[in-house]
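Working notes, structure below.
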There are 2 protein chains.
Amino acid sequence: MAETGEGSRPGYSSAVELRGVGHGKREHAAASPPPPATDAAVLHSSVLDTIGEEITGDALPEGHVLTLEQIRERFGVSRTVARETMRILESMGLVRSRRRVGITVQPRASWNVYDPRVIWWRLSGPGRNAQLRSLTELRIAVEPLAAGAAARSASAAERERAVGIAATLRALGEAGDLDRFLEADIAFHTLLLQASGNEMFGALADVVAVVLQGRTQLGLMPHHPEPAALDLHEAVADAVAGGRPRDAETGMRELLAEVRHAMLPLWEPRTRKG
Amino acid sequence: MAETGEGSRPGYSSAVELRGVGHGKREHAAASPPPPATDAAVLHSSVLDTIGEEITGDALPEGHVLTLEQIRERFGVSRTVARETMRILESMGLVRSRRRVGITVQPRASWNVYDPRVIWWRLSGPGRNAQLRSLTELRIAVEPLAAGAAARSASAAERERAVGIAATLRALGEAGDLDRFLEADIAFHTLLLQASGNEMFGALADVVAVVLQGRTQLGLMPHHPEPAALDLHEAVADAVAGGRPRDAETGMRELLAEVRHAMLPLWEPRTRKG
DNA sequence: CCCAGCGATTGGTAACACCATTCTAGGGAG
DNA sequence: CTCCCTAGAATGGTGTTACCAATCGCTGGG
């Protein structure tokens, strides 16, 4: 479960940092992985991450029962910390705490799979491919409509910025600077999702960022971004700038069709157990 | 903020009950609103719901600062439960708790808007229309692809059940039995989302259920379901049963186009403040 | 203007009473 | 003898209280 090759610091910190990218205020970010640490307490996060990964991975299978005493002993924390951690896990649907019986691991169907931490945990464990596939399908569903909505309701600044990023993408793509290309790519998709005016779409910005990062980490990005992809980014940006929802939507659809195509080899093995 | 006309018992209980509908195991359910109460402790849920609604509504605006002492005093609970409640709220991104400063209400951008409880709270407060709109747009994005995926990978039982529910829908629709129609409608969409094989899609079943319920509650459902809608349900079911993803997808798209049309009057006023 | 120290407020620990739930053991009936 | 029902005990979460540690905003003094 450790072939990720990256630190495991899910949820907020990464979310914030990634959101910063697309927001246009802070120009750097997206390149600072370890520093900010977790938001609040360090004690919870540690045991939260550990148990979260164990549940979302295949250790701690559904039905497994934990007790506060075990947690307390295993992590050397107080009962209170164990309790609060379990409460969070319970609020994510990963466990269910009942009197006299303990803390039971819940079936996957009751997980909050849109919780950034759950997504992160699943991406850093086994089932990574399945998760990447699910998320990419979600992108394919949402992003075209988001692009269309952005073409309808983006602000002038956002439209301008979309065109700018598309140009940057072309420059970086042709130069072969993959790192910065990734960064700009994330910014592009984040911008469109948030400019859509639909918060449910906007909230997926983190997800898309994580997927894009995962994709490069897995070497699924072409060594040089394909010219067609660059063209499509520009086409979408132009459509958004010009207020042509239809074009933005279909452009994004084509863009994602390529993404899907590129990722196909990853999810043929029918990874999941079910 | 109390014109909902329905009890406020968000999140899990309703989620479970609704999920039961689409799952096909238990035939009843979906008709038992109050009994199961909240999952675990009753003490948390009470203050959690209250503060959650206050934040997601416009009381407690962004930047507002709470302290544990206030909570403790206001609800007459111990510091511990106040802390655990705040921890949950924090894990949903609604607040951020820092030493010496207190518990600060976070901007909407950092909320976990896919958390069932957040959705529920927002649906039962002001901004209900905006939320309904966001969720409907999400449906429009996701459900067509989910239907296509279901046509590709549903089990034999699921395909059969889809056709069955579609027939039931026609019968109930022509009979004008709106309550049961709603129930079957939820079951239909839930089934397709879960049969898609994509957990991210499947997890939206609760959302769709809530939206459908909200739609009827607001009287946006035609008194008699339109024949076209019945036809489309059957067409989608047939396409799923026959393994024709393309047809399932376009059928669902048309279906949702009608839904969108029916809801348009609701979201013209540009409800949101921003 | 800067710096130090105060004090407010959360973070974390510990020990307790309580109670719902489950399991088990015992006894009674068939 | 077997089965079932009940009563009680063991278990483990729920809620409360008290306490100390750590942090960090603010204020006041230099």
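Note: hydrogens, waters and symmetry copies are ignored here, and every other heavy atom, side chains too, is used.
The residue among Arg83(A) and Val101(A) whose nearest nucleotide of DNA chain D lies closer to the 5′ end is Val101(A). Toward the 5′ end of DNA chain C lies the nearest nucleotide of Arg79(A), the other residue of the pair Arg99(A) and Arg79(A) mapping further downstream.
Atom P of nucleotide dT11(D) and atom CG of Leu66(A) are separated by 18 Å, given to the nearest angstrom. For the pair Leu68(A) CG and dG12(D) P, the computed distance is 10 Å after rounding to whole Å. Ile103(B) places its CD1 atom 16 Å from the P atom of dG25(D), with the value rounded to the nearest Å. Distance, Glu84(B) CD to dT16(D) P: 10 Å, rounded to whole Å. Computed from coordinates, the Arg72(A) CZ to dT14(D) C1' distance equals 17 Å when rounded to whole Å. In this structure, Leu43(B) places its CG atom 13 Å from C1' of dC19(C), rounding to the nearest Å. Residue Arg96(A) contributes atom CZ, which lies 11 Å from atom P of dT21(C) at whole-angstrom precision. The interatomic distance linking Glu69(B) (CD) with dA18(D) (P) rounds to 12 Å, in whole Å.
Atom-to-atom distance recorded for His64(B):NE2 and Glu54(B):CD is 8.5 Å, nearest 0.5 angstrom. Arg83(B) CZ to Ile88(B) CD1: the interatomic distance, rounded to the nearest 0.5 Å, is 13.0 Å.
Side chain to side chain, Ser134(A) and Glu137(A) fail the donor-acceptor criterion of an N or O pair below 3.5 Å.
The two residues Glu90(A) and Ser97(A) make their nearest non-hydrogen contact at OE2-N, 3.4 Å.
The side chain of Thr80(A) lies closest to dT13(C) when the candidates are dT13(C), dT17(D), dG13(D). Checked against dC26(D), dT13(C), dG13(D), the side chain of Arg100(B) finds its nearest nucleotide in dC26(D). Nearest nucleotide to the Arg87(B) side chain, out of dT22(C), dG12(C), dT16(D): dG12(C).
Counted within 6.0 Å of CD on Gln70(B), heavy atoms from surrounding residues, nucleotides or ligands total more than 12; the atom is thus considered enclosed.
Nucleic acid contact for Ile71(B): none, since no nucleic acid atom lies under 4.0 Å from a heavy atom of the residue. Using a 4.0 Å heavy-atom criterion, one finds that Arg98(B) contacts the sugar-phosphate atoms exclusively.
The side chain of Ser97(A) contributes an N or O atom lying less than 4.0 Å from OP1 or OP2 of dT14(D). Here His44(B) does not reach the OP1 or OP2 of dT14(D): none of its side-chain N or O atoms lies under 4.0 Å away.
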